[in-house]
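The structure under discussion appears below in the form of structure tokens.
In what follows, residues are counted from 1 in the order of the sequence shown. What you are looking at is a predicted structure, and each value in this text was computed from that prediction instead of being measured. Both ligands and their constituent atoms are indexed starting at 1 by order of listing.
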Amino acid sequence: MVTVCHDLCGERPKLASIVYGPVPSWRLGRSLGIDLLPGRGKTCCFDCVYCQLGVTTNPTVERAEFVKLDDLARELAAVKGVPADYATFSGTGEPTLASNLGEAIELARAILGLPVAVLTNSALMPREDVRRELSKADVVVAKLDAPDERLFRLINRPVFDVSLRDIVDGIRHFRSQWSGRLALQMMFLRGNRGAARDMARVAKELAPDEVQVNTPLRPCAVAPLSAEEIVAIRGSFAGLNVHTAYEAMRPAVTPLDVSETLRRRPSEAPPDC
Ligand code: SF4
């Protein structure tokens, strides 16, 4: 059951579990999160070593309907008018596993009147249906953390049989057919910091609108690289539009429901909590 927003009386709206935030995003400003896999635990086709959500409790590569569009519509209507820059599909797992992602994107745009972003781990980019649904978004942030199969398996630990080559080909295909804003997000750790030049070579081939050079600044099982190390890595990406996690500014935002937000962003400490 969703409790509606009390715009006029000034009470803070109580959200159910699909919509959360807004959260401050160094890439998207004030980001109103939409989680199409909101069951407890994490539903993903990767088990990244740096994942802030912990281990993948629901490993799967099967697309399914985890959330009904009627329920999503009700929650979106309840938060219409909340100040945000983007409606962002992310949350407790990989959003492209939701088989109604394309319809959900259209619904979010229609109800909220906001541009829509999707954060994806890129694992299902080889699938034509997934690329078609992602193309409905205004911004797609696609994860790419490795330049070769060995590092891919070491860092992203896919839970199914997929090759990095197929994923990169899928992103290339997507880029060639879609004119929206494509960002590559590259997470740098001890294990792949020496591969920055190779990562930059792959990035140049894919011609993204921007590259987000990240390192796990939120608490997780892996230590982040230092600001100096990230600056050095940035140098390998000359000629590309690069943003790094250390340089980025985050807007001040207050989540509508702190507990639902912390479930997706455990280290997010909103100013009033
Ligand atoms: S793809 Fe995202 S949600 Fe899945 S394990 Fe990696 S970091 Fe976590």
Side-chain angles (χ1 to χ4, degrees), residues 17-18 20-21 23 25-28 31 33-64 66-67 88-99 101 117-127 130 133-134 137 139-147 149-164 166-168 170-171 174 182-192 199 211-225 245 260-268:
S17 57
I18 305 171
Y20 64 97
V23 295
S25 166
W26 62 279
R27 302 156 294 187
L28 300 167
S31 169
I34 301 173
D35 185 356
L36 294 181
L37 308 105
R40 300 287 154 173
K42 182 179 65 170
T43 305
C44 197
C45 40
F46 282 177
D47 189 18
C48 303
V49 288
Y50 57 78
C51 186
Q52 64 171 331
L53 300 174
V55 297
T56 300
T57 49
N58 310 313
T60 183
V61 71
E62 297 300 325
R63 301 191 80 204
F66 301 92
V67 160
T88 304
F89 287 83
S90 180
T92 50
E94 168 51 32
T96 62
L97 287 171
S99 57
L101 174 64
V118 180
L119 312 188
T120 176
N121 66 12
S122 312
L124 301 189
M125 277 285 193
R127 290 180 58 145
V130 170
E133 291 176 43
L134 282 174
V139 177
V140 170
V141 180
K143 182 188 294 298
L144 199 59
D145 297 335
E149 303 290 341
R150 185 187 70 82
L151 281 173
F152 169 56
R153 281 172 207 293
L154 214 60
I155 296 170
N156 300 118
R157 302 189 296 193
V159 304
F160 69 116
D161 186 20
V162 63
S163 73
L164 180 68
D166 286 347
I167 289 175
V168 171
I171 299 173
F174 182 65
L182 175 67
L184 287 183
Q185 187 192 132
M186 297 184 155
M187 187 70 88
F188 280 93
L189 327 159
R190 297 267 163 265
N192 64 353
M199 303 260 288
V211 177
Q212 299 168 354
V213 171
N214 206 352
T215 194
L217 294 177
R218 298 188 198 131
C220 69
V222 177
L225 298 185
E260 287 295 335
T261 299
L262 290 178
R263 199 153 69 79
R264 279 79 174 200
R265 302 275 291 260
S267 65
E268 214 57 76

- Any Lys143 heavy atom less than 4.0 Å to ligand 1: yes

- Message: Are Tyr50 and Phe188 an aromatic pair, judged by ring center distance below 6.0 Å?
- Response: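 Not close enough - the centres of the two rings lie 6.0 Å or further apart.
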
- Message: Holding to salt bridge (charged side-chain N to carboxylate O under 4.0 Å, His left out), I want the full list of residues that pass it with Arg150, two or more places apart in sequence or in another chain.
- Response: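 So Arg150 forms no salt bridge (charged side-chain N to carboxylate O under 4.0 Å, His left out) with any residue.
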
- For Arg27 and Val141, the nearest pair of non-hydrogen atoms, with its separation, is NH1-CG1, 4.3 Å

- Message: Short of 2.8 Å from atom 4 (Fe) of ligand 1, name each protein N/O/S atom, waters not counted.
- Response: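 Only Cys44 SG fall inside 2.8 Å of atom 4 (Fe) of ligand 1.
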
- Message: Among residues at least two apart in sequence or on other chains, which ones pass side-chain contact (heavy atoms from CB on, under 4.5 Å) with Ser99?
- Response: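 Arg63, Glu65.
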
- Contacts of type side-chain contact (heavy atoms from CB on, under 4.5 Å), residue Asn58, not counting sequence neighbours: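 Partners of Asn58 by the side-chain contact (heavy atoms from CB on, under 4.5 Å) criterion, ordered by chain and then number, come out as Thr43.
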
- Query: Going by atom types only, do Lys42 and Thr57 share a side-chain donor-acceptor pair under 3.5 Å?
  - Reply: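 On atom types as modelled, these side chains do not qualify, holding no pair under 3.5 Å.
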
